[in-house]
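First up is the structure itself, then whatever we jot down about it.
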Protein chains: 2
Amino acid sequence: MKSQTLMDQVVEAFTCLPGVGPKSAQRMMLYLLERDREGGRRLAEVLARAMSDVGNCSRCRNLSETEICELCSDASRDPAVLCVVENPADVLAIEHSGGYRGYYFVLMGTLSPIDGRGPEEIGVDHLVNRCGDGVREVILAVSSTVEGEATAHYIAEALAPQDLSLSRIAQGIPLGGELEYVDGVTLTHAIEGRKSLQRGVSE
Amino acid sequence: MKSQTLMDQVVEAFTCLPGVGPKSAQRMMLYLLERDREGGRRLAEVLARAMSDVGNCSRCRNLSETEICELCSDASRDPAVLCVVENPADVLAIEHSGGYRGYYFVLMGTLSPIDGRGPEEIGVDHLVNRCGDGVREVILAVSSTVEGEATAHYIAEALAPQDLSLSRIAQGIPLGGELEYVDGVTLTHAIEGRKSLQRGVSE
(Lines give C-alpha, C1' and ligand atoms only; values in the text may rest on other atoms or scores of the structure.)
Protein backbone atom coordinates (compact mmCIF):
# COMPACT_ATOMS: atom_id res chain seq x y z
CA MET A 1 0.00 0.00 0.00
CA LYS A 2 1.18 3.47 -0.88
CA SER A 3 1.13 6.10 1.85
CA GLN A 4 -1.55 8.74 1.47
CA THR A 5 -0.38 11.95 -0.15
CA LEU A 6 -1.37 15.35 1.20
CA MET A 7 -3.77 15.77 -1.72
CA ASP A 8 -5.46 12.44 -0.98
CA GLN A 9 -5.87 13.61 2.60
CA VAL A 10 -7.51 16.86 1.44
CA VAL A 11 -9.97 14.92 -0.73
CA GLU A 12 -10.77 12.63 2.18
CA ALA A 13 -11.20 15.57 4.55
CA PHE A 14 -13.63 17.28 2.14
CA THR A 15 -15.84 14.17 2.03
CA CYS A 16 -16.72 14.72 5.69
CA LEU A 17 -18.92 17.61 4.50
CA PRO A 18 -22.62 16.84 3.95
CA GLY A 19 -23.47 16.21 0.29
CA VAL A 20 -19.83 15.93 -0.77
CA GLY A 21 -18.67 12.63 -2.29
CA PRO A 22 -15.18 11.71 -3.54
CA LYS A 23 -15.79 13.27 -6.99
CA SER A 24 -16.95 16.64 -5.67
CA ALA A 25 -14.21 16.57 -3.05
CA GLN A 26 -11.59 16.08 -5.78
CA ARG A 27 -13.14 18.88 -7.82
CA MET A 28 -13.08 21.22 -4.81
CA MET A 29 -9.44 20.46 -4.06
CA LEU A 30 -8.29 20.89 -7.67
CA TYR A 31 -10.29 24.10 -8.00
CA LEU A 32 -8.67 25.61 -4.93
CA LEU A 33 -5.16 24.47 -5.92
CA GLU A 34 -5.45 25.59 -9.52
CA ARG A 35 -7.48 28.75 -9.21
CA ASP A 36 -8.12 30.02 -5.72
CA ARG A 37 -5.32 29.40 -3.25
CA GLU A 38 -6.19 32.59 -1.42
CA GLY A 39 -9.77 31.37 -0.92
CA GLY A 40 -8.49 27.99 0.25
CA ARG A 41 -6.15 29.59 2.77
CA ARG A 42 -8.94 31.78 4.06
CA LEU A 43 -11.31 28.82 4.38
CA ALA A 44 -8.69 26.84 6.31
CA GLU A 45 -8.04 29.74 8.64
CA VAL A 46 -11.62 30.73 9.54
CA LEU A 47 -12.64 27.08 9.76
CA ALA A 48 -9.88 26.27 12.24
CA ARG A 49 -10.84 29.30 14.34
CA ALA A 50 -14.55 28.44 14.23
CA MET A 51 -13.95 24.81 15.24
CA SER A 52 -12.17 25.89 18.42
CA ASP A 53 -13.91 29.20 19.24
CA VAL A 54 -17.59 28.51 18.59
CA GLY A 55 -19.43 27.23 21.64
CA ASN A 56 -22.99 27.53 22.84
CA CYS A 57 -24.74 30.66 24.10
CA SER A 58 -25.29 30.29 27.84
CA ARG A 59 -28.75 31.80 27.50
CA CYS A 60 -30.34 30.15 24.43
CA ARG A 61 -27.90 27.28 23.76
CA ASN A 62 -27.52 28.38 20.12
CA LEU A 63 -24.07 28.17 18.53
CA SER A 64 -22.15 31.31 19.39
CA GLU A 65 -18.58 32.51 19.50
CA THR A 66 -19.41 34.70 22.51
CA GLU A 67 -20.73 33.81 25.98
CA ILE A 68 -24.11 35.38 25.13
CA CYS A 69 -25.03 35.19 21.44
CA GLU A 70 -25.82 38.13 19.23
CA LEU A 71 -29.58 37.50 19.26
CA CYS A 72 -29.75 37.17 23.05
CA SER A 73 -27.72 40.38 23.37
CA ASP A 74 -30.18 42.31 21.20
CA ALA A 75 -32.11 44.45 23.69
CA SER A 76 -34.59 45.62 21.06
CA ARG A 77 -36.33 42.23 21.03
CA ASP A 78 -39.48 41.33 22.90
CA PRO A 79 -38.44 39.67 26.20
CA ALA A 80 -41.93 38.23 26.77
CA VAL A 81 -41.84 35.82 23.81
CA LEU A 82 -39.60 32.77 23.53
CA CYS A 83 -39.49 30.54 20.47
CA VAL A 84 -38.24 26.98 21.08
CA VAL A 85 -36.55 25.40 18.05
CA GLU A 86 -34.62 22.22 17.38
CA ASN A 87 -31.41 23.51 15.91
CA PRO A 88 -29.40 26.58 14.83
CA ALA A 89 -30.58 26.26 11.21
CA ASP A 90 -34.16 26.79 12.40
CA VAL A 91 -33.18 30.05 14.11
CA LEU A 92 -31.59 31.24 10.86
CA ALA A 93 -34.70 30.25 8.88
CA ILE A 94 -37.05 32.12 11.24
CA GLU A 95 -34.73 35.14 11.37
CA HIS A 96 -34.59 35.13 7.60
CA SER A 97 -38.39 35.14 7.38
CA GLY A 98 -38.30 38.40 9.34
CA GLY A 99 -41.64 37.79 11.04
CA TYR A 100 -40.48 37.20 14.59
CA ARG A 101 -39.05 39.65 17.13
CA GLY A 102 -38.81 37.64 20.35
CA TYR A 103 -35.97 35.51 21.72
CA TYR A 104 -35.06 31.88 21.00
CA PHE A 105 -34.21 28.72 22.83
CA VAL A 106 -32.37 26.04 20.89
CA LEU A 107 -32.82 22.41 21.99
CA MET A 108 -29.93 21.20 19.77
CA GLY A 109 -31.92 18.11 18.83
CA THR A 110 -35.12 16.35 19.78
CA LEU A 111 -35.88 13.79 22.43
CA SER A 112 -34.68 10.48 21.06
CA PRO A 113 -34.06 7.79 23.68
CA ILE A 114 -32.75 5.45 20.98
CA ASP A 115 -29.88 7.89 20.28
CA GLY A 116 -29.36 8.56 23.96
CA ARG A 117 -30.92 12.04 23.87
CA GLY A 118 -33.08 12.54 26.93
CA PRO A 119 -34.49 15.72 28.55
CA GLU A 120 -31.06 16.66 29.87
CA GLU A 121 -29.42 16.59 26.44
CA ILE A 122 -32.04 18.93 24.97
CA GLY A 123 -31.76 21.24 27.97
CA VAL A 124 -35.30 21.09 29.36
CA ASP A 125 -34.20 22.22 32.86
CA HIS A 126 -32.31 25.07 31.27
CA LEU A 127 -35.46 26.02 29.34
CA VAL A 128 -37.62 25.91 32.48
CA ASN A 129 -35.17 28.30 34.20
CA ARG A 130 -35.03 30.53 31.13
CA CYS A 131 -38.83 30.83 31.15
CA GLY A 132 -38.74 32.20 34.70
CA ASP A 133 -36.91 35.20 33.28
CA GLY A 134 -39.83 37.41 32.23
CA VAL A 135 -41.16 35.13 29.49
CA ARG A 136 -44.93 35.14 29.12
CA GLU A 137 -45.39 33.25 25.86
CA VAL A 138 -43.58 30.17 24.59
CA ILE A 139 -43.92 29.14 20.94
CA LEU A 140 -42.94 25.52 20.27
CA ALA A 141 -41.51 25.62 16.75
CA VAL A 142 -40.25 22.04 16.59
CA SER A 143 -40.57 19.83 13.52
CA SER A 144 -43.76 18.01 12.77
CA THR A 145 -42.09 14.59 13.09
CA VAL A 146 -42.73 11.85 15.64
CA GLU A 147 -39.68 12.97 17.66
CA GLY A 148 -40.69 16.63 17.29
CA GLU A 149 -44.21 15.97 18.55
CA ALA A 150 -42.92 13.91 21.48
CA THR A 151 -40.48 16.71 22.32
CA ALA A 152 -43.21 19.35 22.13
CA HIS A 153 -45.41 17.25 24.40
CA TYR A 154 -42.63 16.72 26.95
CA ILE A 155 -41.77 20.41 27.04
CA ALA A 156 -45.42 21.39 27.38
CA GLU A 157 -45.65 19.12 30.45
CA ALA A 158 -42.45 20.50 31.92
CA LEU A 159 -43.64 24.08 31.51
CA ALA A 160 -47.20 23.41 32.73
CA PRO A 161 -46.56 24.56 36.32
CA GLN A 162 -45.49 28.00 35.09
CA ASP A 163 -48.08 30.60 34.18
CA LEU A 164 -47.25 30.78 30.47
CA SER A 165 -49.16 31.01 27.24
CA LEU A 166 -47.94 28.00 25.28
CA SER A 167 -48.45 27.49 21.56
CA ARG A 168 -47.35 25.26 18.72
CA ILE A 169 -46.68 26.74 15.26
CA ALA A 170 -49.50 26.10 12.80
CA GLN A 171 -49.60 23.02 10.61
CA GLY A 172 -51.25 23.32 7.22
CA ILE A 173 -50.58 23.65 3.54
CA PRO A 174 -47.45 25.65 2.65
CA LEU A 175 -47.70 28.88 0.66
CA GLY A 176 -47.92 28.00 -3.04
CA GLY A 177 -48.66 24.39 -2.14
CA GLU A 178 -51.13 22.74 -4.50
CA LEU A 179 -53.79 20.84 -2.60
CA GLU A 180 -53.52 17.93 -4.99
CA TYR A 181 -49.92 17.23 -3.96
CA VAL A 182 -50.24 17.78 -0.21
CA ASP A 183 -50.20 14.59 1.87
CA GLY A 184 -53.29 13.41 3.68
CA VAL A 185 -52.11 13.99 7.25
CA THR A 186 -51.15 17.59 6.46
CA LEU A 187 -54.55 18.13 4.81
CA THR A 188 -56.34 16.73 7.85
CA HIS A 189 -54.37 19.12 10.10
CA ALA A 190 -55.06 21.99 7.71
CA ILE A 191 -58.80 21.34 7.79
CA GLU A 192 -58.87 20.88 11.57
CA GLY A 193 -56.92 24.10 12.02
CA ARG A 194 -59.11 26.12 9.64
CA LYS A 195 -59.54 29.84 10.33
CA SER A 196 -62.80 31.68 9.93
CA LEU A 197 -62.76 34.46 7.38
CA GLN A 198 -65.66 36.34 9.01
CA ARG A 199 -64.44 39.34 10.88
CA GLY A 200 -64.99 39.23 14.59
CA VAL A 201 -65.39 35.47 14.56
CA SER A 202 -61.78 34.50 13.93
CA GLU A 203 -59.46 34.95 16.90
CA MET B 1 -24.03 47.57 9.49
CA LYS B 2 -23.17 44.81 11.91
CA SER B 3 -19.66 43.43 11.82
CA GLN B 4 -19.33 39.95 10.34
CA THR B 5 -19.25 37.19 12.89
CA LEU B 6 -16.81 34.31 12.64
CA MET B 7 -19.64 32.02 11.54
CA ASP B 8 -20.65 34.43 8.75
CA GLN B 9 -17.01 34.38 7.63
CA VAL B 10 -16.99 30.57 7.52
CA VAL B 11 -20.16 30.55 5.39
CA GLU B 12 -18.62 33.12 3.04
CA ALA B 13 -15.35 31.16 2.83
CA PHE B 14 -17.22 27.95 1.93
CA THR B 15 -18.97 29.67 -0.99
CA CYS B 16 -15.60 29.98 -2.74
CA LEU B 17 -15.86 26.24 -3.45
CA PRO B 18 -17.29 25.18 -6.82
CA GLY B 19 -20.97 24.24 -6.64
CA VAL B 20 -21.42 25.63 -3.14
CA GLY B 21 -23.93 28.45 -2.66
CA PRO B 22 -24.85 30.28 0.56
CA LYS B 23 -27.41 27.60 1.57
CA SER B 24 -25.03 24.65 1.20
CA ALA B 25 -22.26 26.68 2.84
CA GLN B 26 -24.47 27.29 5.87
CA ARG B 27 -25.40 23.62 5.99
CA MET B 28 -21.72 22.59 5.84
CA MET B 29 -20.76 24.96 8.63
CA LEU B 30 -23.62 23.91 10.92
CA TYR B 31 -22.92 20.25 10.23
CA LEU B 32 -19.27 20.60 11.20
CA LEU B 33 -20.04 22.69 14.30
CA GLU B 34 -22.85 20.46 15.53
CA ARG B 35 -21.61 17.02 14.59
CA ASP B 36 -18.07 16.79 13.34
CA ARG B 37 -15.65 19.27 14.87
CA GLU B 38 -12.83 16.76 14.54
CA GLY B 39 -13.50 16.50 10.78
CA GLY B 40 -13.63 20.28 10.51
CA ARG B 41 -10.32 20.67 12.32
CA ARG B 42 -8.73 18.07 10.11
CA LEU B 43 -10.07 19.71 6.95
CA ALA B 44 -8.72 23.09 8.08
CA GLU B 45 -5.33 21.61 8.85
CA VAL B 46 -4.71 19.59 5.67
CA LEU B 47 -6.20 22.35 3.53
CA ALA B 48 -3.83 24.95 4.98
CA ARG B 49 -0.87 22.63 4.41
CA ALA B 50 -1.94 21.80 0.84
CA MET B 51 -2.41 25.46 -0.08
CA SER B 52 1.17 26.25 0.88
CA ASP B 53 2.97 22.97 0.11
CA VAL B 54 1.49 21.82 -3.20
CA GLY B 55 3.40 23.10 -6.20
CA ASN B 56 4.00 21.71 -9.67
CA CYS B 57 6.10 18.70 -10.60
CA SER B 58 9.23 19.91 -12.37
CA ARG B 59 8.95 17.06 -14.87
CA CYS B 60 5.26 16.87 -15.86
CA ARG B 61 3.90 20.14 -14.41
CA ASN B 62 1.15 18.26 -12.58
CA LEU B 63 0.20 19.40 -9.07
CA SER B 64 2.57 17.80 -6.61
CA GLU B 65 3.75 18.28 -3.07
CA THR B 66 7.21 17.01 -4.03
CA GLU B 67 9.74 18.27 -6.58
CA ILE B 68 9.05 15.24 -8.80
CA CYS B 69 5.51 13.90 -8.54
CA GLU B 70 4.56 10.36 -7.59
CA LEU B 71 3.73 9.33 -11.17
CA CYS B 72 6.97 10.70 -12.62
CA SER B 73 8.92 8.91 -9.86
CA ASP B 74 7.31 5.57 -10.72
CA ALA B 75 10.10 3.69 -12.53
CA SER B 76 7.78 0.85 -13.54
CA ARG B 77 6.09 2.99 -16.18
CA ASP B 78 6.89 2.99 -19.88
CA PRO B 79 9.36 5.86 -20.53
CA ALA B 80 8.70 5.79 -24.29
CA VAL B 81 5.10 6.99 -24.07
CA LEU B 82 3.99 10.45 -22.97
CA CYS B 83 0.35 11.47 -22.65
CA VAL B 84 -0.34 15.21 -22.90
CA VAL B 85 -3.43 16.34 -20.97
CA GLU B 86 -4.99 19.68 -20.10
CA ASN B 87 -5.27 19.48 -16.34
CA PRO B 88 -4.67 17.38 -13.20
CA ALA B 89 -8.25 16.04 -13.23
CA ASP B 90 -7.55 14.44 -16.63
CA VAL B 91 -4.54 12.60 -15.21
CA LEU B 92 -6.71 11.26 -12.40
CA ALA B 93 -9.42 10.20 -14.89
CA ILE B 94 -6.92 8.33 -17.10
CA GLU B 95 -5.20 6.75 -14.09
CA HIS B 96 -8.58 5.68 -12.79
CA SER B 97 -9.39 3.99 -16.11
CA GLY B 98 -6.29 1.86 -15.56
CA GLY B 99 -5.56 1.47 -19.27
CA TYR B 100 -2.41 3.57 -19.55
CA ARG B 101 1.08 2.85 -18.25
CA GLY B 102 3.21 5.66 -19.69
CA TYR B 103 4.05 9.08 -18.27
CA TYR B 104 2.10 12.34 -18.41
CA PHE B 105 2.62 15.97 -19.27
CA VAL B 106 0.07 18.44 -17.90
CA LEU B 107 -0.48 21.69 -19.82
CA MET B 108 -2.49 23.24 -16.96
CA GLY B 109 -4.90 24.76 -19.46
CA THR B 110 -5.30 25.23 -23.18
CA LEU B 111 -4.06 27.90 -25.53
CA SER B 112 -6.44 30.80 -25.12
CA PRO B 113 -5.08 34.17 -26.25
CA ILE B 114 -8.24 35.89 -25.01
CA ASP B 115 -7.41 34.78 -21.43
CA GLY B 116 -3.72 35.58 -21.88
CA ARG B 117 -2.65 31.92 -22.13
CA GLY B 118 -0.04 31.53 -24.82
CA PRO B 119 2.46 28.70 -25.56
CA GLU B 120 4.59 29.75 -22.59
CA GLU B 121 1.72 29.45 -20.08
CA ILE B 122 0.93 25.90 -21.21
CA GLY B 123 4.63 24.96 -21.12
CA VAL B 124 5.22 24.02 -24.78
CA ASP B 125 9.00 24.60 -24.51
CA HIS B 126 9.04 22.46 -21.40
CA LEU B 127 7.16 19.73 -23.31
CA VAL B 128 9.59 19.89 -26.25
CA ASN B 129 12.51 19.39 -23.80
CA ARG B 130 10.68 16.61 -22.00
CA CYS B 131 10.20 14.75 -25.30
CA GLY B 132 13.97 14.71 -25.88
CA ASP B 133 14.19 12.47 -22.83
CA GLY B 134 13.64 9.04 -24.38
CA VAL B 135 10.04 9.59 -25.46
CA ARG B 136 9.07 7.88 -28.72
CA GLU B 137 5.31 8.32 -28.72
CA VAL B 138 3.23 11.34 -27.72
CA ILE B 139 -0.52 10.95 -27.21
CA LEU B 140 -2.41 14.25 -27.33
CA ALA B 141 -5.32 13.68 -24.94
CA VAL B 142 -6.70 17.22 -24.92
CA SER B 143 -10.41 18.03 -25.00
CA SER B 144 -12.32 18.01 -28.21
CA THR B 145 -13.18 21.72 -27.93
CA VAL B 146 -12.11 24.60 -30.18
CA GLU B 147 -9.32 25.52 -27.72
CA GLY B 148 -8.34 21.89 -27.30
CA GLU B 149 -8.05 21.34 -31.06
CA ALA B 150 -6.02 24.55 -31.49
CA THR B 151 -3.73 23.45 -28.67
CA ALA B 152 -3.28 19.97 -30.16
CA HIS B 153 -2.47 21.54 -33.53
CA TYR B 154 0.07 23.94 -32.02
CA ILE B 155 1.80 21.19 -30.04
CA ALA B 156 1.91 18.91 -33.11
CA GLU B 157 3.69 21.70 -35.01
CA ALA B 158 6.14 22.32 -32.16
CA LEU B 159 7.00 18.61 -31.92
CA ALA B 160 7.23 18.07 -35.70
CA PRO B 161 11.06 18.46 -35.87
CA GLN B 162 11.50 15.58 -33.42
CA ASP B 163 11.30 12.00 -34.59
CA LEU B 164 8.15 11.06 -32.63
CA SER B 165 5.04 9.06 -33.26
CA LEU B 166 2.27 11.58 -32.54
CA SER B 167 -1.37 10.64 -32.01
CA ARG B 168 -4.62 12.16 -30.87
CA ILE B 169 -7.03 10.10 -28.72
CA ALA B 170 -9.93 8.71 -30.71
CA GLN B 171 -13.15 10.61 -31.15
CA GLY B 172 -16.33 8.60 -31.50
CA ILE B 173 -19.40 7.47 -29.68
CA PRO B 174 -18.93 6.82 -25.95
CA LEU B 175 -19.44 3.34 -24.54
CA GLY B 176 -23.15 2.84 -23.93
CA GLY B 177 -23.95 5.90 -26.06
CA GLU B 178 -27.08 5.50 -28.11
CA LEU B 179 -26.52 6.58 -31.70
CA GLU B 180 -29.82 8.40 -31.74
CA TYR B 181 -28.66 10.86 -29.07
CA VAL B 182 -25.09 11.41 -30.26
CA ASP B 183 -24.49 14.81 -31.92
CA GLY B 184 -23.79 15.07 -35.65
CA VAL B 185 -20.15 16.18 -35.44
CA THR B 186 -19.28 13.27 -33.16
CA LEU B 187 -21.07 10.87 -35.50
CA THR B 188 -19.13 12.22 -38.47
CA HIS B 189 -15.85 11.74 -36.57
CA ALA B 190 -16.94 8.24 -35.51
CA ILE B 191 -17.70 7.24 -39.09
CA GLU B 192 -14.47 8.78 -40.44
CA GLY B 193 -12.48 6.99 -37.73
CA ARG B 194 -14.13 3.62 -38.33
CA LYS B 195 -12.04 0.51 -37.69
CA SER B 196 -12.11 -2.59 -39.87
CA LEU B 197 -13.27 -5.75 -38.15
CA GLN B 198 -11.44 -8.05 -40.64
CA ARG B 199 -8.32 -9.45 -39.08
CA GLY B 200 -5.10 -8.40 -40.73
CA VAL B 201 -6.73 -5.34 -42.23
CA SER B 202 -7.15 -3.24 -39.12
CA GLU B 203 -3.95 -1.78 -37.69
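Just so we're on the same page: letters track the sequence lines, and every chain starts at 1.
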Which of B/D53, B/N87, B/L30 touches chain A most, by non-hydrogen pairs under 4.5 Å: B/L30
Return the [atom1] to [atom2] distance between [X] and [Y], rounded to the nearest 0.5 Å.
X	Y	atom1	atom2	result
B/L47	A/L47	CG	CG	8.0 Å
A/M7	B/C69	CE	SG	8.0 Å
A/F14	B/M28	CZ	CE	8.5 Å
A/N56	B/L33	CG	CG	9.5 Å
B/L92	A/Q26	CG	CD	4.5 Å
B/D36	A/L17	CG	CG	9.0 Å

Greater than 12 external heavy atoms within 6.0 Å of [X]'s [atom1]:
X	atom1	result
B/D183	CG	yes
B/D163	CG	no
B/R101	CZ	yes
B/D125	CG	no
B/R27	CZ	no

Side-chain donor or acceptor of B/E65 paired with backbone N/O of A/L6 under 3.5 Å: yes
Is a side-chain N or O of A/R37 found less than 3.5 angstrom from the main chain of B/M51, in a donor-acceptor match? yes
Partner chain B: residue of A/S24, A/A48, A/G19, A/P88 with the largest heavy-atom pair count (under 4.5 Å): A/P88
Heavy-atom pair count under 4.5 Å with chain B, highest-scoring of A/G39, A/G109, A/A13: A/A13
Relative to chain B, which segment of A/T66 carries a heavy atom at a distance below 4.5 Å: side chain, backbone, both, or neither? neither
With a 4.5 angstrom heavy-atom cut-off, could you sort out which part of A/Q9 is near chain B: side chain, backbone, both or neither? both
Close side-chain approach of A/L32 to B/P18, heavy-atom, < 4.5 Å: no
Given a strict heavy-atom distance threshold of 4.5 Å, which part of B/S64 is in contact with chain A: side chain, backbone, both, or neither? backbone
